[in-house]
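So that the names make sense, note that chain A is the first sequence line, chain B the second, and so on, each numbered from 1.
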Amino acid sequence: MPDVASVLAQRLQAAFDTVAPGADPVLRPSDRADFQANGALALARRLGRPPREIADAIAAAAQLDDVCERVEVSGPGFVNLVLSTPFVERSVREMAVDSRLGVERTLAPERVVVTYSHPNVAKEMHVGHLRSTVIGDALCRMLGHLGHDVVRENHIGDWGTPFGMLIEHLLDVGEEAAITKLSVGDLTGFYQAARASFDGDDEFKDRSRRRVVLLQRGDAETLRMWRVLVDHSISYFDEVYEKLGVLLTDDDIKGESFYNPMLPQVVKDLDAAGLLVEDAGALCVFPPGFTNREGGPLPLIVQKSDGGFGYAATDLACIRHRVDVVGATRMLYVVGAPQAQHLEMCFAVSRMAGWLPSGVEAVHVPFGSVLGTDHRMLRTRAGTSVKLVDLLDEAVARAAEAMAERGRDAALSSEEQRSVAHALGMGAIKYADLSTDRVRDYVFDWDRMLSFEGDTGPYLQYAHARIRSIFRRATEPAGAEPEPGGERAERGSVIVLRAPEERALGLSLIGYSAAIRAAVEELSPSKLCAYLYSLATTFTTFYERCPVLRAPDETTRLSRLALAETTALVLSEGLGLLGIEAPERM
RNA sequence: GCCCCCGUGGCCGAGUGGACUUAGGCAACGGACUUCUAAUCCGUACCACGCAGGUUCGAAUCCUGCCGGGGGCGCCA
């Protein structure tokens with residue numbers, strides 16, 4: 001089931017081809033019509049003809065009778081398109097009975113590795129991990145929905161020199177005490193205590209260094225203690241992920257330790273390829289185009305002068321593994337913007353070494369920082385970074401408070417209150433993060449995201465819950481079964497669009513598939529957010545003006561019920577693709 | 001010093017070559033509740049595209065320079 005924009009694009013392309021083969025119709029949504037094609041203007045110079053004349057020719061050539069009720073040339077050469085209401089109606093009906101709500105699977109599925117979240121063992125998760133986790137999760141869900149084969153990867157920091165001091169600290173405090181501390185989530189306390197010993201105690205420092213060597217040699221007892229630290233950290237991460245409601249599981253963990261055994265081969269093969277240069281004792285690759293402070297070549301340090309491997313080695317091993325073993329055709333790095341240069345260098349070196357063939361795409365998906373309302377990096381009053389769990393818990397507490405203020409505590413069971421407060425709190429945080437352009441820094445403002453007014457997660461959740469409540473009040477038993485298919489098939493076919501608000505809602509609904517496509521194409525969940533918000537406002541306008549249960553006649557009533565139901569399905573599925581729950585009531 | 005990202009009204013923010021005299025939201029003001037959940041809707045008002053040049057029939061969008069903010073620039077990840 002092709003979506004409306006594709007149908008128009010196709011027809012217009014044919015018309016443009018008659019005037020100038022291959023010319024882009026430049027189809028856009030319009031505020032003067034439903035859509036507009038701007039392509040004629042761009043052709044004016046190329047063809048040496050007045051743009052209006054070209055637009056006229058295109059409008060005349062376009063086969064649009066069955067889909068448009070008006071095709072007009074206006075202004076300097078815009079082609080305005082107003083869809084015919086029967087066509088909109090037909091499209092909504094098809095969508096309403098389609099189990100995928102008109103979203104077709106991709107014809108070119110890829111195996112996409114998405115790497116995101118990546119917390120460090122024995123270190124607290126903070127807001128910096130929030131964006132990566134939330135954005136990565138949404139991208140995985142959207143890509144998966146379009147039929148791509150998504151391989152999630154959580155590249156946790158579970159290896160390296162800090163483990164010497166962490167293990168020694170574990171020995172000092174005793175395993176029991178260490179485990180207790182880690183399982184209550186006081187990772188920061190544990191890490192800082194270890195750090196303090198390391199900085200203030202030379203004997204401890206020596207022990208730590210020896211411990212690193214033991215770890216790297218694979219000493220059994222050292223590895224066992226390392227495992228204790230890793231396992232308890234992971235179970236703590238799992239708690240956070242469960243709270244957040246993201247897809248990541250233990251199976252997705254491929255930490256630095258996983259790639260560690262592959263590092264010597266990375267060095268060997270780079271050397272064999274003649275790419276390795278020894279510089280100041282370190283083994284480096286100098287990809288062209290990168291310069292240091294003095295304007296000289298900038299190295300990617302693969303092996304440090306002390307013989308240890310740099311993180312670049314791990315990242316290179318990763319790329320090889322994903323291509324050779326995982327079979328990735330695409331890899332997405334949901335990693336903060338500051339690492340752009342490092343990743344570019346890794347990609348460049350991988351290409352030089354032939355590890356990243358031309359058919360495989362590696363993309364950095366950067367994002368900006370989370371700022372406090374003072375527009376500086378979000379920190380606690382003490383100046384430390386904010387614990388992610390604290391943030392999540394506060395969101396839930398604030399949501400519960402807001403529900404109580406509105407008297408919802410009386411309307412819902414205490415169990416339901418808890419789950420709804422949780423959904424609202426997470427929805428608020430996630431939507432605030434996802435709805436803004438990824439690469440910009442964004443201001444973390446409780447009052448804004450949890451105000452439950454305007455362009456927020458809770459507003460969308462509310463819009464959805466309100467629709468559901470219509471069905472609880474409707475007498476049809478069918479209304480209580482929101483699942484696609486079956487009886488829905490019959491109900492969808494009764495949709496008629498008469499009132500302008502009905503037509504507007506229908507038009508908005510059939511834009512769903514294009515919105516998802518755009519969001520995936522641009523790796524930009526904010527595109528889907530914007531669509532859902534616009535659908536929700538279009539719906540509420542419809543809802544204010546067009547009584548559903550009290551519709552003037554049975555035909556209208558059934559039609560409006562079907563429209564409402566389809567809207568609810570799009571909202572809950574769309575929010576779901578963003579990793580946001582849509583409660584049945586709130 | 002070099003490189004990258006960002007700069008849109010009081011605030012947040014979409015738009016990256018087309019009708020833009022810039023969407024939407026928040027805050028403000030005025031209306032609509034014995035409701036299909038008002039966490040809503042309708043309306044009003046609001047001196048915004050950092051600055052200066054350039055390219056173009058047309059620039060918030062492309063180019064150059066500058067200003068402001070953030071980040072990066074060899075053994076941390």
Side-chain angles (χ1 to χ4, degrees), chain A residues 26 28 30-32 36 38-42 44-45 50-51 74-78 80 118 120 155 157 160-162 256 279-284 289-306 308-312 314-315 335-342 344 366 368-369 371 373 375-377 402-403 405-408 411 424 432 435-437 439-443 445 447-448 450-456 458-459 461-463 465-474 526-527 530 533-534 537 540-541 543-551 560 564 585-586:
Chain A
V26 194
R28 298 283 145 83
S30 174
D31 51 355
R32 312 212 168 179
Q36 63 185 59
N38 302 336
L41 290 153
R45 185 216 288 260
S74 93
F78 300 100
N80 289 347
H118 40 252
N120 291 308
H155 194 260
T161 46
E256 288 163 6
D279 195 280
L283 298 179
C284 311
F290 296 90
T291 53
N292 65 16
R293 252 193 203 94
E294 288 74 44
L298 185 68
L300 188 68
I301 296 176
V302 183
Q303 191 162 11
K304 300 184 284 183
S305 52
D306 68 1
F309 295 102
Y311 56 95
T314 311
D315 287 336
V335 171
Q339 290 197 54
Q341 185 178 256
H342 167 71
E344 274 168 40
S369 309
L371 307 179
T373 42
H375 285 222
R376 315 187 64 125
M377 297 282 272
M403 287 169 68
E405 270 171 32
R406 289 170 175 83
R408 303 305 297 164
L424 288 174
S435 62
T436 188
D437 181 31
V439 300
R440 288 172 63 133
D441 293 347
Y442 93 95
V443 176
D445 183 346
D447 294 332
R448 184 166 296 129
L450 273 156
S451 73
F452 301 100
E453 265 158 34
D455 191 5
T456 67
Y459 171 85
Q461 291 169 315
Y462 175 62
R466 263 175 125 191
I467 301 174
R468 284 280 170 251
S469 93
I470 298 172
F471 289 100
R472 278 192 297 276
R473 290 186 180 247
S526 69
K527 292 274 188 312
Y533 180 67
S534 148
T537 53
T540 44
T541 301
Y543 186 65
E544 297 283 333
R545 303 260 179 87
C546 301
V548 177
L549 298 178
R550 290 185 252 130
R560 288 180 179 171
R585 71 178 97 209
M586 58 188 266

Just checking A/L424: base, sugar-phosphate only, or nothing, at a heavy-atom cut-off of under 4.0 Å? base
Mind checking A/E294 for me? I need base, sugar-phosphate or nothing, with any heavy atom below 4.0 Å counting as a touch. nothing
How many Å lie between CD on A/Q341 and C1' on B/C4, as a whole number? 8 Å
Going by side-chain contact (heavy atoms from CB on, under 4.5 Å), name the residues that satisfy it together with A/E344, two or more places apart in sequence or in a different chain. A/F290, A/A340
Donor-acceptor contact present, side-chain A/T537 to main-chain A/Y533, <3.5 Å: yes
How far does the P atom of B/U22 sit from the matching atom of B/G65, given to the nearest Å? 30 Å
Contacts of A/G75 and A/T537 projected onto RNA chain B by closest heavy atom; the upstream (5') one is A/G75
Checking all strands, does A/A42 fall into the base, sugar-phosphate, or nothing category for heavy-atom contacts under 4.0 angstrom? base
Please classify the nucleic acid contact of A/T314 as base, sugar-phosphate, or nothing, using heavy-atom distances under 4.0 Å. nothing
Counting only side-chain heavy atoms from C-beta out, which of B/A77, B/A39, B/C41 sits nearest to A/M586? B/A39
Polar atom pairs between nucleotides 13-16 of chain B and protein, under 3.5 Å, N or O only, would you list them?
from, atom 1, to, atom 2, distance (Å)
B/G13, OP2, A/R440, NH2, 3.2
B/A14, OP1, A/D437, N, 2.6
B/A14, OP2, A/R440, NH1, 3.2
B/G15, OP1, A/K527, NZ, 3.0

Does A/S469 reach a base, just sugar-phosphate, or nothing at all? Heavy atoms under 4.0 Å. base
Strand RNA chain B in bracket notation, Watson-Crick/G-U under 3.5 Å with | for pairs to another chain: (((((((..(((.....[.....))).(((((.......))))).....(((((..]....))))))))))))....
How many whole angstroms separate atom CD of A/E405 from atom C1' of B/U37? 17 Å
Whole angstroms only, please: what is the CZ-C1' distance between A/R448 and B/C26? 6 Å
Value in whole Å for how far the P atom of B/A23 lies from CZ of A/R32: 13 Å
Using atom P of each nucleotide, how far apart are B/A23 and B/G15 to the nearest Å? 14 Å
The side chain of A/R293 is closest to which nucleotide in this list: B/A19, B/A77, B/G74? B/G74
Which nucleotide in the set B/C41, B/C73, B/C76 lies at the smallest distance from any side-chain heavy atom of A/K304? B/C76
Pick the nucleotide of RNA chain B nearest each of A/Y462 and A/P76; which residue has the one closer to the 5' end? A/P76
Looking only at atom C1', what distance separates B/U61 and B/G18, rounded to whole Å? 11 Å
What is the nucleic acid contact for A/A465, judged by heavy atoms within less than 4.0 Å: base, sugar-phosphate only, or nothing? base
Any side-chain N or O of A/T540 under 4.0 Å from OP1/OP2 of B/C41? yes
